[in-house]
2 protein chains.
Amino acid sequence: MDILQKAFELIYKNGYQATSIDVIIASTNVTKGAFFYHFKNKESMGLALIEEVLSPGMYASMVRPLETSEDILEAIYQMMEGLLIDNPFFNIAYGCPAINLIEEMGPLNEAFADALRKIVLQWQEAIQKSLYEAQESGRIAKNTSPQQAALFITAGYGGVRNMGKILGKNCYLTYLKAFKHYLSTLK
Amino acid sequence: MDILQKAFELIYKNGYQATSIDVIIASTNVTKGAFFYHFKNKESMGLALIEEVLSPGMYASMVRPLETSEDILEAIYQMMEGLLIDNPFFNIAYGCPAINLIEEMGPLNEAFADALRKIVLQWQEAIQKSLYEAQESGRIAKNTSPQQAALFITAGYGGVRNMGKILGKNCYLTYLKAFKHYLSTLK
DNA sequence: GTAAAAACATACTAACTAGTATGTTCTGCG
DNA sequence: CGCAGAACATACTAGTTAGTATGTTTTTAC
C-alpha cells in the first residue's frame, strides 16, 4: 500500500498531527474516498503505518544487526553507527521517526503508545539478551546489568536523535565517540 | 505575564502546534484582542515562552545544581535525579518541555531552534566545565573527554524523557542506576 | 452476461484555525 | 477636567481540518 509509505514520509518530516489527510492524498494519486475506504479514520492509518512501515524498518536496523555471535560490543556499536550515519532513509534534521512518534503521540493516544512500546521493548530486549549471553560466555565483564545497559543505550539513541535536530551532524559524531568509550567500559 | 505560564502548561501537555490560541485564551481570562496586543503572532508568543518561562526554569534545574566545588559526579547525579524524580512541575507522561519543543519545532522553525539550542549548549557547557575542572584538580580521571561526556549525558537525559512517555516511571529508576554506574567509570 | 459487492471518486459539512477590523475602556498627564 | 495613547474586548474572515453522503467504476461470482 503505497499511501502508507508516502504518509510515513510526510509524517516523518512534519509530525503526525500536522500532516493532514488532504495533504497525504494530494501527494499521492489517492482520493479521499479511497482513503476512507481503506482506513476507518486517521488514527487507524497511523497505527497501520506503525505496524507495516515503521516496525519492520526499525527491526531491520535495530535488532537484526545484533544477530551475530562474534564481538557483541562491536555489533552494538555498528548498529548505532548504522542507525545514525549510514541509514539513507533518515535525515538528521528530522530525527528518528519512531522517537518522533513517541514524543508526539505517546502521551495523547494509548494505541499509538502500545504499538511504539513494542518496538522499543523489542530493541531493548535484543540488546539485553546479547549482553547477557556475552557475559555468560565470558566475553565481557559481569559487573554491569544487561537490562540497565540496554536501557541506557537506547535512551542515548533517542536523546542524540533529538539533539541532532538542533545541533546537526557534529553531535552524532561526538556522541559516537563517547558511545564507543562507554561500550569499552563494559568489557 | 500569566498567559505565558498557562500557554506553557498547555503546550507542555499537548504540543505547540496542537495548542490553539483559542484554547489558550479560553483557559485564561484573556481575550483575543489582548493576546494579539501583546504578541505579534503565535510564533512570537512561543519564543517569549521559551525565553521567559522555559529557559529560566531549565537553567535552575540543569545548571545551578552544578555550581558546587565538592564532588562533581555526585552533583551531576543529583541534578539528573532532581530533573527526573524531584521536579514537581514535570510529569513523566509529558516528558520534558524543552525536549518536546526541540522534537516538534526544531526542524520546522529556525527561531525556535536557535532559542532551544542556547538552552542545550548552556547545559552541556556547564557539565563540560565541571568535568574539566575536576580533571584538572585531579578529582576524576583524565581518560574521558569532558565534551564527549557532557554530550553523552545530556543525550541520555533527552532519551529517557522520551522513553518515559511510554514506559513510565520504572524506566527512570532503571536509567538512574545505569547512569550512576556510568558516572563511576569517570572516576 | 449480469448482479452484487468491492474499490474507488466528488462534493459537501461542521468545527476549528490564525489572524484582523473595529470597536470600547482604562490610565496617566497637563 | 479632557484627551491621547495604552490596554484591552467583540465580531468577523478566509483557510483548513477530519469525516460523510452520495455517487460511479471496477472486479468477482455464478
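Order of the sequence lines sets the chain letters (A, B, ...), proteins ahead of strands, with each chain counted from 1. Not measured: the values here are computed from a predicted model.
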- Note on the structure: Hits for side-chain hydrogen bond (donor to acceptor under 3.5 Å, both in side chains) against B/E103, two or more places apart or cross-chain, chain-then-number order -> A/N162, A/K165
- For residues 25-37 of chain B, which residue pairs qualify under salt bridge (Lys or Arg N to Asp or Glu O under 4.0 Å), counting only residues two or more places apart or in two chains? B/D22-B/K32
- So salt bridge (Lys or Arg N to Asp or Glu O under 4.0 Å) across residues 105-115 of chain B, not counting sequence neighbours, yields B/E110-B/R117, B/D114-B/R117
- Item | A/Y16 or B/G33, whichever maps to the more 5' nucleotide of DNA chain D | B/G33
- Can you list the residues that meet the ring-ring contact (aromatic ring centres under 6.0 Å, His included) rule with A/F35, with sequence neighbours excluded? A/F39
- Item | Partner residues of B/S130 under the side chain to side chain contact (heavy atoms under 4.5 Å, CB included) criterion, sequence neighbours left out | B/L66, B/I72
- Query: Can you list the residues that meet the side-chain hydrogen bond (donor to acceptor under 3.5 Å, both in side chains) rule with B/Y12, with sequence neighbours excluded?
  - Reply: none
- Message: List the residues meeting side chain to side chain contact (heavy atoms under 4.5 Å, CB included) with B/A141, not counting sequence neighbours, and say none if there are none.
- Response: B/N143
Using a cut-off of under 3.5 Å, enumerate the N/O to N/O pairs linking the protein to nucleotides 25-29 of chain D.
none

- What's the CD1-P distance between B/I3 and D/dA7, to the nearest Å? 15 Å
- Message: Assess the residue pair A/Y132 and A/Q128 against the criterion (side-chain hydrogen bond (donor to acceptor under 3.5 Å, both in side chains)); give the C-alpha distance rounded to whole Å, side-chain angles, the decisive distance to 0.1 Å, and a yes or no.
- Response: CA-CA 6 Å; A/Y132 178 77; A/Q128 180 179 341; over 6 Å; no
- Should B/Y37 be listed as having a side-chain N or O under 4.0 Å from OP1 or OP2 of D/dC8? no
- First and last nucleotide of DNA chain C in contact with chain B, 5' to 3', at under 4.0 Å to a heavy atom: what are they? C/dT17 to C/dT20
Pairs under 3.5 Å (N/O, protein and nucleotides 12-17 of chain D):
{"unit_1": "D/dT17", "atom_1": "OP2", "unit_2": "A/S20", "atom_2": "OG", "d": "3.4"}

- Query: Which residues pass the side-chain hydrogen bond (donor to acceptor under 3.5 Å, both in side chains) test with A/E74, sequence neighbours left out?
  - Reply: A/Q78
- Message: Under the rule for ring-ring contact (aromatic ring centres under 6.0 Å, His included), what residues qualify as partners of B/Y16, not counting sequence neighbours?
- Response: B/F112
